[in-house]
S.K.: 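Got a structure here, written out as structure tokens. Questions coming.
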Amino acid sequence: MNLALIPARAGSKGIKNKNLCLLGQKPLLYYTLYAAKNAKCIDTIVLSSDGEEILEYGKSQGVQCLKRPKELALDDTTSDKVVLHALELYKEYENIFLLQPTSPFRTAFHIDEAFAKFKSQNANALISVTQYDNTILKAFMLDDKGNLKGICNNTFAFSPRQKLPPVFMGNGAIYIIKSSLFSQNPTFLPEKTTFFLMDEYSGFDIDTPQDLLQAQALFTQKN
């Protein structure tokens, strides 16, 4: 059985009441709830929040709601702690999907396709990604003595772009991991983590007011 966990805290520094901001005519949160409800591979949906308005909205959408304690809804609260909190109550699920509301263009199709790859590769985890400019591998960073070193290794820093391996950036749209494994070792990147490649539109992530404006423009173009 598969559990979809949707983390949606009330506070947000970048965008006030971000998860309930309107995109089109509906709250941002709606699009992730809709995707999860229509994904064939999802058995149960749980909305985790500290905000009463968000939880009431979740109930109106017919999903289970989990009140999150305030100490798990701070600016520096990490997703692993939110997942562990949910797994304390939902222990019977084999796999947990973390679906962030800030990815409104991720659909049920993407969730089902990601799960199909996760299963076919017998992976321990999956992270959705978009392809990124591989010239980042040519960058430098400082070592502990303040001297330059290659960000990955000292060979890539001087290699032609065409010789560099592909690079991917996690987009936050889909995480899948075996629940028992996560409970023992709460990391989203265990051994045998595969990836689900998404295009830039589908994997678009909203973090800043500018991102929200761009999402609204993209939404208008597509609809």
S.K.: With sequence neighbours left out, write down each residue that passes side chain to side chain donor-acceptor pair (under 3.5 Å) with S49, or none if nothing qualifies.
M.R.: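 So S49 forms no side chain to side chain donor-acceptor pair (under 3.5 Å) with any residue.
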S.K.: Who pairs with D133 by side chain to side chain donor-acceptor pair (under 3.5 Å), at least two apart in sequence or on another chain?
M.R.: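 Side chain to side chain donor-acceptor pair (under 3.5 Å) check on D133 returns T135.
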S.K.: I206 and side chain to side chain contact (heavy atoms under 4.5 Å, CB included): which single residue from N19, L212, L213 fits?
M.R.: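 With I206 as partner, N19, L212, L213 yield a single side chain to side chain contact (heavy atoms under 4.5 Å, CB included), made by L212.
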S.K.: Give, for atom CD of E52 and atom NZ of K67, the distance between the pair rounded to the nearest 0.5 Å.
M.R.: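 NZ of K67 is found 4.0 Å from CD of E52.
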S.K.: Take the angle between the ring planes of Y201 and F105 and call it parallel below 30°, perpendicular above 60°, tilted in between.
M.R.: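 It falls in the parallel class, under 30°.
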S.K.: Supply the atom-to-atom distance L99 CG to L33 CG, rounded to the nearest 0.5 angstrom.
M.R.: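 Rounded to the nearest 0.5 Å, the CG-CG separation comes to 9.5 Å.
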S.K.: Does E53 CD have over 12 foreign heavy atoms under 6.0 Å away?
M.R.: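 No, CD of E53 has 12 or fewer neighbouring heavy atoms, counting only those of other groups under 6.0 Å.
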S.K.: Within the distance-only criterion (no hydrogens, no angle test), does the side chain of K138 pair as donor or acceptor with the backbone N or O of S159 below 3.5 angstrom?
M.R.: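 Such a contact is found between K138 side chain and S159 backbone.
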S.K.: Would a hydrophobic clustering, with Ile, Leu, Val, Met, Phe, Trp and Tyr connected at side-chain separations under 4.5 Å, put Y93 with I6?
M.R.: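 No.
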S.K.: Measuring only between side-chain heavy atoms, which start at C-beta, is P166 closer than 4.5 Å to N134?
M.R.: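 SC-SC contact between P166 and N134 ruled out.
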S.K.: What's the separation between atom CG in L197 and atom NZ in K117, rounded to the nearest 0.5 Å?
M.R.: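 If I round to the nearest 0.5 Å, the distance is 7.5 Å.
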S.K.: If only atom types and distance count, is the side chain of T32 paired as donor or acceptor with the main-chain N or O of L29 below 3.5 Å?
M.R.: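 No; zero donor-acceptor contacts below 3.5 Å.
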S.K.: Should the heavy atoms of other residues, nucleotides or ligands under 6.0 Å from OH of Y132 be counted, would the total exceed 12?
M.R.: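 Not more than 12 within 6.0 Å, no.
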S.K.: Could you grab the distance from atom CE of M1 to atom OG1 of T44, nearest 0.5 Å is fine?
M.R.: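 These two atoms lie 5.0 Å from each other.
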S.K.: Kindly work out whether a path of hydrophobic side-chain contacts (I/L/V/M/F/W/Y, heavy atoms less than 4.5 Å apart) joins M198 to F168.
M.R.: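 No.
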S.K.: Judged by atom type as modelled, is there a donor-acceptor pair below 3.5 Å linking the side chain of D50 to the main-chain atoms of A10?
M.R.: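 Here the side-chain-to-backbone pair exists.
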S.K.: Please check if the side chain of K59 supplies one atom and the backbone of C65 the other of a donor-acceptor pair under 3.5 Å.
M.R.: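 Pair absent, no side-chain N/O of K59 close to backbone of C65.
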S.K.: Count the heavy atoms belonging to other residues, nucleotides or ligands that lie under 6.0 Å from NZ of K119, then report whether that count exceeds 12.
M.R.: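 At most 12 heavy atoms, drawn from other residues, nucleotides or ligands, come within 6.0 Å of this atom.
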S.K.: Is a side-chain donor or acceptor of N38 paired with a backbone partner of Y34 at a separation under 3.5 angstrom?
M.R.: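 Here the side-chain-to-backbone pair exists.
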S.K.: Are L98 and V82 linked, directly or through other ILVMFWY residues, by side chains that come within less than 4.5 angstrom of each other?
M.R.: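 Same cluster.
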S.K.: Taking side-chain hydrogen bond (donor to acceptor under 3.5 Å, both in side chains) as the cut-off, I'd like each qualifying pair that reaches into residues 83-92, sequence neighbours left out, listed once.
M.R.: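 Sorted pair list: Q64-Y90.
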S.K.: Please determine whether the number of non-hydrogen atoms from other residues, nucleotides or ligands lying under 6.0 Å from atom CD of E191 exceeds 12.
M.R.: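 Open: at most 12 neighbouring heavy atoms sit under 6.0 Å from CD of E191.
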S.K.: Find out whether Y175 and F182 are in side-chain contact, i.e. whether some heavy atom of one side chain is under 4.5 Å from a heavy atom of the other.
M.R.: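 The answer is no, as the side chains (C-beta and beyond) never meet within the 4.5 Å cut-off.
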S.K.: Taking C41's backbone N and O only, do any of them form a donor-acceptor pair with D112's side chain (distance below 3.5 Å, no angle check)?
M.R.: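 The answer is yes, because a donor-acceptor pair under 3.5 Å joins these two groups.
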S.K.: What I want to check is whether the side chains of N95 and N2 have a donor and an acceptor closer together than 3.5 Å.
M.R.: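 Side-chain D/A pair, N95 to N2: present.
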S.K.: How about T78 and D80: does a side-chain donor come under 3.5 Å of a side-chain acceptor?
M.R.: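 A pair is found: one side chain offers a donor N or O, the other an acceptor, under 3.5 Å apart.
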S.K.: Quick one: closest heavy-atom pair of S128 and N171, and the distance?
M.R.: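 So the minimum-distance heavy-atom pair works out to OG-OD1, 2.5 Å.
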S.K.: If you count the non-hydrogen atoms of other residues, nucleotides and ligands that lie under 6.0 Å from CD in Q25, is the total more than 12?
M.R.: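 No, CD of Q25 has 12 or fewer neighbouring heavy atoms, counting only those of other groups under 6.0 Å.
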S.K.: Measure the CD1-CG distance between I151 and L142 for me, rounded to the nearest 0.5 Å.
M.R.: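 The CG atom of L142 is 10.5 Å from CD1 of I151, to the nearest 0.5 Å.
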S.K.: Report yes or no: do L66 and L47 belong to one cluster of Ile/Leu/Val/Met/Phe/Trp/Tyr joined by side chain heavy-atom distances under 4.5 Å?
M.R.: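 In one cluster: no.
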S.K.: Apply side chain to side chain contact (heavy atoms under 4.5 Å, CB included) to the pair I127 and F195, showing each step before the final yes or no.
M.R.: CA-CA 5 Å; I127 298 174; F195 68 97; 5.7 Å; no
S.K.: Any side-chain heavy atom of F118 within less than 4.5 Å of one from F196?
M.R.: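 The answer is no; the side chains never approach within 4.5 Å.
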S.K.: Can you measure from CZ (F115) to CD1 (I42) and round to the nearest 0.5 angstrom?
M.R.: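 Nearest 0.5 Å value for the CZ-CD1 distance: 8.0 Å.
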